[in-house]
Amino acid sequence: MAEQEKDMEMAEETAPDRKEEKPKQEEACGEAAMEQPEGMQEEGTGEESGPEEPEEAPEGEDPRTWAEKRAARKQAKLDKKAEGYKEQISQLEDKVKRQLAEFENFRNRTEKEKHAMFETGAKSVIEKMLPVVDNFERGLATVPEDKKEDPFVDGMNRIYKQFMTELENLGVKPIEAVGKEFDPNLHNAVMQTTSEEYESGIVAQELQKGYTYRDSVVRHSMVAVVE
């Protein structure tokens with residue numbers, strides 16, 4: 001009996017030590033769980049992918065037939081994707097073609113506007129120069145025959161010819177009037193006259209010379225037309 005009492009007393013003395021070991025073990029387990037790698041902790045939490053087809057044919061179905069169906073379904077998916085890509089490519093090509101067409105129209109329109117502006121400006125300048133030509137012709141026409149060999153007159157005549165040559169190089173040409181049938185697009189009839197040389201409707205006299213610039217009338221000829 002005395003020995004049993006001693007054993008019980010020894011057991012009671014060691015019991016607190018065991019109780020202290022248990023919390024230490026639980027704390028160690030918790031720390032180990034916290035130190036577990038993130039990949040292992042998150043395993044199984046990823047997004048679930050769609051159901052995949054089994055690699056083997058279901059029971060009771062011919063493996064060849066099942067494989068053909070499986071290949072056909074895959075090919076159908078690929079064809080659907082290819083059709084989508086083709087449609088996108090077609091839309092992009094159509095968009096590029098429209099943009100190119102719009103740019104070409106813009107360029108042509110700009111060139112026409114530029115050309116029209118140039119032609120308008122050139123005609124305006126030429127129209128202002130024509131009175132100078134008229135004065136040259138009037139002045140040279142009044143020179144007497146005995147003075148036409150004078151150096152001053154000869155110099156003025158040379159300047160006039162050079163001026164007319166430069167105008168011709170630019171595309172300026174005089175309109176033929178006398179002896180031609182009256183044309184309202186070229187001639188401006190300011191009077192009617194009688195003539196034994198020309199028939200009715202023919203220009204008999206030119207009162208002011210007209211000019212064209214690149215087939216466009218800059219100034220109409222002022223003429224007298226036979227009745």
Side-chain angles (χ1 to χ4, degrees), residues 88-227:
Q88 291 179 2
I89 293 172
S90 178
Q91 291 176 357
L92 291 174
E93 288 179 347
D94 184 61
K95 185 177 180 180
V96 171
K97 288 179 181 179
R98 288 200 303 269
Q99 290 179 345
L100 290 175
E102 290 176 0
F103 176 75
E104 186 67 22
N105 293 335
F106 170 76
R107 186 175 65 177
N108 293 336
R109 185 170 61 253
T110 304
E111 288 295 330
K112 289 181 180 179
E113 292 176 356
K114 188 188 298 183
H115 180 72
M117 291 175 63
F118 177 81
E119 293 294 320
T120 302
K123 288 176 66 175
S124 177
V125 173
I126 292 168
E127 187 176 2
K128 292 178 179 178
M129 293 170 64
L130 293 180
V132 179
V133 176
D134 296 337
N135 291 332
F136 261 111
E137 292 177 347
R138 292 191 189 101
L140 293 174
T142 59
V143 176
E145 289 292 331
D146 58 341
K147 298 291 185 180
K148 287 185 178 181
E149 300 298 329
D150 189 86
F152 176 77
V153 175
D154 182 64
M156 296 298 293
N157 194 25
R158 289 175 182 274
I159 293 173
Y160 167 73
K161 289 180 179 180
Q162 182 182 6
F163 191 27
M164 295 303 298
T165 300
E166 293 300 327
L167 288 176
E168 186 176 359
N169 292 335
L170 292 174
V172 180
K173 296 180 181 180
I175 297 174
E176 295 182 5
V178 178
K180 300 292 181 180
E181 185 178 358
F182 174 75
D183 185 353
N185 296 320
L186 302 174
H187 308 136
N188 181 20
V190 295
M191 61 180 294
Q192 290 183 335
T193 185
T194 57
S195 175
E196 296 179 356
E197 184 179 0
Y198 300 111
E199 299 178 357
S200 176
I202 302 298
V203 176
Q205 185 180 3
E206 184 181 57
L207 305 176
Q208 187 182 51
K209 189 178 294 184
Y211 293 89
T212 61
Y213 170 67
R214 296 183 179 180
D215 300 328
S216 177
V217 176
V218 177
R219 187 177 73 181
H220 292 75
S221 298
M222 294 177 62
V223 297
V225 185
V226 179
E227 296 180 355

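Checked against side-chain contact (heavy atoms from CB on, under 4.5 Å), Val132 has the following partners two or more places apart in sequence or in another chain: Phe136, Phe163. Remark: Ser216 pairs with Lys123 by the side-chain hydrogen bond (donor to acceptor under 3.5 Å, both in side chains) rule, at least two apart or across chains. Every residue two or more places apart in sequence or in another chain that forms a side-chain contact (heavy atoms from CB on, under 4.5 Å) with Leu186 is listed here: Ile175, Asp183, Val217.
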Hey, can you pull the donor-acceptor pairs under 3.5 Å for the side chains in residues 98-112, sequence neighbours left out?
from   : atom 1 : to     : atom 2 : distance (Å)
Arg98  : NH1    : Asp94  : OD2    : 2.1
Glu104 : OE1    : Arg107 : NH2    : 2.8
Glu104 : OE2    : Arg107 : NH2    : 2.9
Asn105 : ND2    : Ala101 : O      : 3.2
Asn108 : ND2    : Glu104 : O      : 3.2
Thr110 : OG1    : Phe106 : O      : 2.7

Output side-chain donor-acceptor pairs under 3.5 Å for residues 188-207, partner residues at least two apart or in another chain, one line each.
from   : atom 1 : to     : atom 2 : distance (Å)
Ser195 : OG     : Glu197 : N      : 3.1
Ser195 : OG     : Tyr198 : N      : 3.2
Ser200 : OG     : Glu227 : O      : 2.8

Report, one line per pair, each donor and acceptor closer than 3.5 Å where one atom sits in a side chain of residues 139-155; sequence neighbours left out.
from   : atom 1 : to     : atom 2 : distance (Å)
Thr142 : OG1    : Gly139 : O      : 2.7
Glu145 : OE2    : Lys148 : NZ     : 2.9
Asp150 : OD2    : Phe152 : N      : 3.0
Asp154 : OD2    : Arg158 : NE     : 2.9

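Identified under the salt bridge (Lys or Arg N to Asp or Glu O under 4.0 Å) test for residues 131-143, with sequence neighbours left out: Asp134-Arg219, Glu137-Lys209. Residues in residues 159-176 take part in these salt bridge (Lys or Arg N to Asp or Glu O under 4.0 Å) pairs, two or more places apart or across chains: Glu176-Lys180.
Tested against Tyr213 for a side-chain contact (heavy atoms from CB on, under 4.5 Å), the candidates Val218, Leu167, Val125 yield a single pass: Val218.
The two residues Arg214 and His115 have their closest heavy-atom pair at NH1-CE1, 4.4 Å.
With Thr120 contributing its side chain and Ala116 its backbone, the two residues share a donor-acceptor pair below 3.5 Å. Listed for the His220 side chain is no donor-acceptor partner under 3.5 Å among the backbone atoms of Gly210.
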